Amino acid sequence: MYFYGSRSYGDFFNMGEYSRIGYETDRKKINIFDTTLRDGEQTPGVSFNMEQKYTIAKMLYDAGVDIIEAGFPAVSDEELKTIKRINYDMDNICSLARCNKNDIDKVIESDSKIIHLFIATSDIHMKYKLNKTRDQVFESITNSIDYARSHGLTIIFSPEDATRTDMDFLKHIISSIKVETVNFPDTIGIMNPMSMYYFINKIKEFTTTNISIHCHNDFGLATANTLAGLMAGANEAQLTINGIGERAGNASLEEVVSSIYGFLDSHTNIRMEKLYEISKYVTAASGIIPQKNKAIIGENAFSHEAGIHVHGIINNPKTYEAINPEVFGINRRIVIGKHSGKAAIKYILENKGIHKTDDEIDNILKIIKNRDNKTIDDEFLLEVIRNE
Ligand code: KIV
Ligand code: ZN
């Protein structure tokens, strides 16, 4: 059983006997770090205004997110002001900074108590982006950590492009620093679940610090890779609502949290019933509309059309639903279309208080099937009945 406070989510998941195979960890609580307001806002074309940022932060806070990355204060005065405003009301706000004094000062000025310090550590990034040697990068890291620490900040450190960083260099860095959490970004999304599992196990050989992971979705594997990292022993995941973020985006919070309940013997602080509402708000504020067939929050995620499926769902929703949508505070949809059967028509009509004989339903179905293969809305269905 899984609990948020006194609430259990276990009954909402209809998993099978193989669903949990391949998983061994003693990490019972997974921390959820949300970066919708930072990496999510780096989605091409997205920019949240102050009110939208505040509203999203508050929704995430109320939903039980452990750490909210509200932004990158060095980006602009407006960004800094917004983060300061959020910090006034919320106590789990983190801000991003590069490993330099100016960026760290902006985080301090924003009143954030948690700093997310990052610097690239892969050879390709150090050469072509930073123009620094390994020694110089190492020095920037230790100086920045010392400076942030001297200001009492809680430190999350990310070696950017970690999954393309030489493992010996990574080991040298991680075993030399003292921070609350080390986050491993798969910056350009080049991992797969097996390699991520291996990678996190390697990291565990030389650190006992909290391990966080940050996966990008360039191959559509961000959620799977995050889950693999958690299975290997990471205990924090950096995620975004709707999976928005740089390029193909980040691992989506609603997918990863659902997977934690479905596949792992762990729990989070997240109040699942809040996620759909947050997703809708982020869709409106970002203008990025999730694809209809996106897991969990897509319009079709809990819609059923095929006659065989609808028949099963009506008898017992567990026949065709891995997750009961009520866990997100939403209802399943029965959709009428080319593949519908009598059960769906009967179900929809009876829900509207309309009772028809089997012959009448047969007729209605015939008319509907002769209409092109588009989805039939309620209005059309009622019109068919009136004409009958
Ligand atoms: O993808 C990435 O490497 C990042 C870092 C800033 C953590 O977003
Ligand atoms: Zn990122």
Side-chain angles (χ1 to χ4, degrees), residues 31-44 46 67-75 79 83 93-100 103-104 106-107 110 112 114-126 128-130 132 137 140-141 144-145 148 153-166 169-170 173-174 177 179-191 196 199-200 203 209-223 225-226 229 234 236-253 255-256 286 288:
N31 291 334
I32 302 300
F33 177 112
D34 182 278
T35 180
T36 306
L37 297 174
R38 198 278 298 168
D39 215 328
E41 203 189 25
Q42 286 173 221
T43 306
V46 172
I67 301 175
I68 300 166
E69 187 165 50
F72 191 177
V75 158
E79 176 87 340
I83 298 171
I93 302 304
C94 169
S95 289
L96 187 73
R98 287 163 293 193
C99 284
N100 66 58
D103 277 23
I104 300 170
K106 297 284 180 193
V107 172
S110 78
S112 298
I114 310 169
I115 188 167
H116 179 188
L117 274 174
F118 79 101
I119 191 166
T121 51
S122 64
D123 289 335
I124 186 169
H125 274 229
M126 288 187 294
Y128 291 102
K129 196 180 77 175
L130 300 176
K132 282 188 173 183
V137 165
S140 299
I141 295 169
S144 302
I145 289 174
L153 295 170
T154 294
I155 304 168
I156 298 170
F157 172 69
S158 283
E160 190 190 8
D161 207 16
T163 52
R164 291 193 301 172
T165 297
D166 174 71
F169 185 42
L170 214 46
I173 297 168
I174 306 309
I177 60 176
V179 293
E180 277 68 25
T181 301
V182 183
N183 173 60
F184 294 91
D186 182 23
T187 301
I188 61 161
I190 43 83
M191 296 300 262
M196 183 56 95
F199 179 83
I200 294 298
I203 300 291
T209 311
N210 281 334
I211 297 174
S212 169
I213 39 172
H214 174 116
C215 297
H216 277 275
N217 204 31
D218 299 71
F219 282 86
L221 290 174
T223 294
N225 290 343
T226 303
E236 187 162 306
Q238 297 201 348
L239 310 165
T240 62
I241 296 291
N242 296 350
I244 60 172
E246 281 280 359
R247 307 181 309 281
N250 292 59
S252 101
L253 187 145
E255 288 177 10
V256 170
S286 65
I288 305 293

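FYI, the numbering just counts along the sequence from 1. Counting starts at 1 for both ligands and their atoms, following the listed order. Source: prediction; values computed, not measured.
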Among side-chain atoms of [X] and [Y], is any donor-acceptor pair under 3.5 angstrom?
| X | Y | result |
| --- | --- | --- |
| His116 | Glu69 | yes |
| Thr36 | Thr240 | no |
| Asp39 | His214 | yes |
| Ser122 | Asp161 | yes |

Exercise for review: Using a cut-off of 2.8 Å, find all protein N, O or S atoms closer to the Zn ion (ligand 2) than that distance.
Suggested key: Asp39 OD2, His214 NE2, His216 NE2
**Study point:** Backbone N/O of Asp186 and side chain of His216: donor-acceptor pair under 3.5 Å
**Key:** no
Check your understanding: Can you check whether Phe72's main-chain N or O pairs, donor with acceptor, with Glu79's side chain at less than 3.5 Å?
Key -> yes
Review point. With a 4.5 Å limit on heavy-atom distance, are the side chains of Glu180 and Ile156 in contact?
Key: no
Check your understanding: So does Glu160 pair up with Lys129, basic N to acidic O under 4.0 Å?
Key -> yes
Review point. When you look at Thr35 and Leu239, which way does the side chain to side chain contact (heavy atoms under 4.5 Å, CB included) test go after all the steps?
Key: CA-CA 6 Å; Thr35 180; Leu239 310 165; over 6 Å; no
Exercise for review: Write down, by chain and number, every protein residue that brings a non-hydrogen atom to less than 4.0 Å from an atom of ligand 1.
Suggested key: Arg38, Asp39, His116, Phe118, Ser158, Glu160, Pro185, Thr187, His214, His216
